[in-house]
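No hydrogens, no waters, no symmetry mates; every other heavy atom, side chains included, goes into these values. The chains referred to below are lettered A, B, ... by the order of the sequence lines, with proteins before strands, and numbering in each begins at 1.
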Amino acid sequence: MILDVSFPSPKLLFLRRMSHKKVRVRFAPSPTGGLHLGGVRTVLFNYLFARHHGGEFVLRIEDTDQTRYVPGAEEYIIECLRWCGLDADEGPHKGGPYGPYRQSERKALYRQYAEQLVASGHAYYAFDTPEELEAMRELEKSRGNHSPQYNQRIRRTMHNSLTLEAAEVKALLDKGTPHVIRIKMPEHAEVRFTDMIRGEVSFQTDIVDDKVLLKADGMPTYHLAVVVDDYLMKITHAFRGEEWLPSAPVHILLWKYLGWESSMPEWAHLPLILKPDGNGKLSKRDGDRLGFPVYAMNWLDPKTNELTQGFRERGFLPEAFVNMLAMLGWNDGSGQELFSLDELVQKFSIERVHKGGAKFDYEKAKWFNHQYIVKKDDAALATLFQPVLEEKGLHPDPAYTARIAGLVKERCHFVNEIWDHGFFFFTRPEKYDTDAVKPKWTAEKQAFFETWTAALNDLEDFTFHTLEEHFKQLAVEKNIKPGELQLPFRIMLCGGKFGPPVFVIAETLGKKETLERIKLGLAAIQA
RNA sequence: GCCGCGUUGGUCAAUCGGCUAAGACGCCUCCCUUUCACGGAGGAAUGACGGGUUCGACUCCCGUACGCGGUACCA
């Protein structure tokens with residue numbers, strides 16, 4: 001017999017549309033380490049969806065596995081959200097009407113629901129010890145069962161309230177025997193639901209096992225906790241990674257068995273972010289291997305003391321990081337790629353999220369950052385660049401730094417590259433690329449610079465335009481092609497073949513410094 | 001193995017049955033600039049495969065292949 005369990009039913013869909021419930025979404029990470037790029041994107045999509053619909057965004061910490069708890073990870077996640085500008089409306093850091101927002105602090109809540117399921121016949125107690133489970137798996141494997149599951153067949157052979165006499169179960173329970181509560185998957189049924197991204201998805205219940213709902217330590221597993229908390233926190237739309245799709249039928253059945261079917265959120269399983277080379281989920285390892293960050297911010301593992309670099313510390317602007325992430329799996333169809341957060345909020349729609357995974361392209365990420373650096377105003381850039389200067393013991397006037405930032409930002413992918421492209425504005429060159437000049441150096445050129453230096457002393461209008469005119473005019477008089485003199489001039493001012501237009505550099509440096517550098521440069525060329 | 005989900009250039013991707021298949025990143029050539037970048041003009045490069053359905057299929061259906069995910073008292 002095929003029992004068709006289809007959610008949500010057309011009637012429910014209708015009722016839901018009529019009710020206009022306030023949109024509530026949540027990001028529910030487990031605090032086990034650094035926050036992965038994919039995690040931030042899940043946050044982003046949650047945030048955008050919530051804001052777009054005038055709803056609320058909740059941060060919930062899923063710390064049900066006490067063995068995997070990592071100190072500092074929760075604070076780290078909160079700081080990542082803050083940095084990205086995607087802070088939650090409710091969460092452990094700011095409270096809210098549906099708290100507590102840490103599952104470890106909600107522990108007492110879950111047991112009653114698990115018991116309720118046992119009472120209604122949808123779940124059962126299981127007393128099997130880890131050793132017994134292991135033995136079962138070994139036996140099954142030896143029989144050629146590739147991945148042994150605690151399923152409809154196996155549960156009949158195990159130590160649980162389905163196989164034991166009621167009195168015996170009661171005795172075991174009274175004695176405080178360690179046990180878990182497992183869901184009793186229905187036989188020969190089909191669970192079907194509509195995913196906002198994938199459309200209709202269906203599963204046969206026969207192939208999914210009796211997942212543990214409540215662990216022996218009294219903590220719920222993800223399966224129970226996510227359903228109970230989404231219900232209690234009135235979540236209307238649940239976004240999560242594609243890796244959760246296979247366990248969706250368990251969650252959906254739980255919503256039904258708990259009697260909450262009419263409040264079940266709509267589901268959206270987001271595509272994965274893949275590694276650039278080869279296939280598979282992008283991992284921290286890939287970043288280390290290929291030389292780019294994977295975590296949002298620096299993460300110092302308290303256990304190993306290993307530091308993993310993040311996008312923030314690498315020099316990414318949060319706006320760029322967020323924009324880049326948004327385009328990994330979503331677009332508005334217009335071809336536009338640069339969006340402010342407000343624009344994203346306005347234009348985001350879950351229907352336009354891709355089904356397939358996207359390979360992460362670091363070059364494209366850099367391009368996004370470059371775009372935002374160019375866009376950013378010079379003073380703000382200068383502020384961000386300030387620490388780099390201070391680290392070098394330099395304390396220039398902020399207005400000057402801003403001017404330099406404006407001059408060189410077009411050639412920077414990262415804020416700290418302002419130094420690489422404009423260090424000579426802050427300090428005299430220590431070495432000169434004389435190889436670029438010497439081979440074609442002549443006495444005439446030498447004379448030109450000597451004459452020009454003298455003339456410069458009397459030049460009142462020390463602006464790039466006048467300088468250029470003056471320079472070229474003199475070159476013509478001396479019968480030298482102006483172009484042949486510009487490179488040497490550049491080398492004298494910067495030390496090498498880089499930087500903004502050379503007369504702009506001279507103007508920015510000012511007359512005194514320019515003259516000084518010509519003198520120094522000339523000496524270096526002759527040396 | 002089983003189950004699920006995917007599959008348009010190297011990468012991100014548009015297309016919702018009419019395609020001579022957009023755009024962006026990257027790459028290459030040229031122009032601008034005797035630095036680099038920006039900017040501009042070009043270029044190479046794409047529908048996994050096989051069957052249907054249809055006047056017409058990248059688009060719909062079915063297989064196959066490939067990839068990924070899941071298969072824990074982890075999330």
What protein N or O atoms touch nucleotides 43-45 of chain B N or O atoms at under 3.5 angstrom, if any, and at what distances?
none

Between [atom2] of [N] and [atom1] of [X], the distance in whole Å:
X	N	atom1	atom2	result
Phe360(A)	rA13(B)	CZ	P	13 Å
Asp332(A)	rA13(B)	CG	P	14 Å
Ile273(A)	rU11(B)	CD1	P	16 Å
Asp420(A)	rA37(B)	CG	P	14 Å
Arg490(A)	rU34(B)	CZ	P	9 Å
Trp367(A)	rG23(B)	CH2	P	14 Å
Ile505(A)	rU35(B)	CD1	C1'	9 Å
Leu485(A)	rU34(B)	CG	C1'	11 Å

Out of the candidates Glu105(A), Gln103(A), Arg68(A), only one should pair with Asp63(A) under the side chain to side chain contact (heavy atoms under 4.5 Å, CB included) rule; please name it.
Gln103(A)
Partner of Ile525(A) under side chain to side chain contact (heavy atoms under 4.5 Å, CB included), picked from Leu520(A), Val437(A), Ile491(A), is Val437(A)
Would you classify [X] as touching base, sugar-phosphate or nothing, given that sugar-phosphate means primed atoms plus P, OP1 and OP2, and contacts are heavy atoms under 4.0 Å?
X	answer
Glu484(A)	base
Gly329(A)	sugar-phosphate
Phe498(A)	base
His421(A)	nothing
Arg240(A)	nothing
Pro501(A)	base
Val201(A)	sugar-phosphate

So, using ring-ring contact (aromatic ring centres under 6.0 Å, His included) as the criterion, who are the partners of His269(A) when residues are at least two apart?
none
Paired with [N]: which nucleotide, if any, by Watson-Crick or G-U wobble criteria at under 3.5 Å for both distances?
N	value
rG70(B)	rC2(B)
rU11(B)	rA24(B)
rA57(B)	none
rU35(B)	none
rG63(B)	rC49(B)
rU29(B)	rA41(B)

Angle between ring planes, [X] versus [Y], binned at 30° and 60°: parallel, tilted or perpendicular?
X	Y	answer
His413(A)	His370(A)	tilted
Trp441(A)	Phe449(A)	parallel
Phe426(A)	Phe385(A)	tilted

For the side chain of Arg198(A) and the base of rC5(B), is some donor closer than 3.5 Å to an acceptor across the two?
no
When Asp210(A) is tested against each of Arg155(A), Arg182(A), Lys184(A) for salt bridge (charged side-chain N to carboxylate O under 4.0 Å, His left out), which residue passes?
Arg155(A)
Can you see if the side chain of [X] gets near the phosphate of [N] - specifically, an N or O under 4.0 Å from OP1 or OP2?
X	N	value
Thr64(A)	rA75(B)	yes
Arg411(A)	rU33(B)	no
Lys497(A)	rC36(B)	no
Asn331(A)	rA14(B)	yes

Consider only side-chain N and O atoms of Asn323(A) and Tyr372(A), and report whether a donor and an acceptor are under 3.5 Å apart.
yes
Does NZ belonging to Lys359(A) count more than 12 external heavy atoms closer than 6.0 Å?
yes
Would one find more than 12 heavy atoms of other residues, nucleotides or ligands at under 6.0 Å from atom NZ of Lys481(A)?
no
With rounding to whole Å, what would you report as the distance between [N] and [M] at their [atom1] atoms?
N	M	atom1	answer
rU11(B)	rA44(B)	C1'	16 Å
rA75(B)	rA14(B)	P	35 Å
rG10(B)	rU46(B)	P	7 Å
rG9(B)	rC32(B)	P	37 Å
rG51(B)	rA65(B)	C1'	14 Å
rC30(B)	rC68(B)	P	41 Å
rC27(B)	rG63(B)	C1'	38 Å
rC61(B)	rU54(B)	P	16 Å

State plainly whether the residues Arg352(A) and Asp332(A) are in salt-bridge range, i.e. N to O under 4.0 Å.
no
For side-chain hydrogen bond (donor to acceptor under 3.5 Å, both in side chains), just list the numbers for Tyr101(A) and Asp229(A), CA-CA rounded to whole Å, side-chain angles, deciding distance to a tenth of an Å, and then say yes or no.
CA-CA 9 Å; Tyr101(A) 292 91; Asp229(A) 287 342; over 6 Å; no
Could you check Tyr295(A), Phe368(A), Phe311(A) and say which one makes a ring-ring contact (aromatic ring centres under 6.0 Å, His included) with Phe321(A)?
Phe311(A)
Close N/O contacts between protein and nucleotides 64-73 of chain B (under 3.5 Å):
residue: rU71(B); atom: O2'; partner: Gln149(A); partner atom: NE2; Å: 2.6
residue: rU71(B); atom: O2; partner: Ser147(A); partner atom: OG; Å: 3.3
residue: rC73(B); atom: OP1; partner: Arg137(A); partner atom: NH2; Å: 3.4
residue: rC73(B); atom: OP2; partner: Arg182(A); partner atom: NH2; Å: 3.2
residue: rC73(B); atom: O2; partner: Ala216(A); partner atom: N; Å: 2.8
residue: rC73(B); atom: N4; partner: Asp128(A); partner atom: O; Å: 3.1

Any idea which of rG26(B), rC12(B), rA75(B) is nearest the Leu328(A) side chain?
rC12(B)
By nearest-heavy-atom nucleotide on RNA chain B, the more 5' of Gly199(A) and His413(A) is Gly199(A)
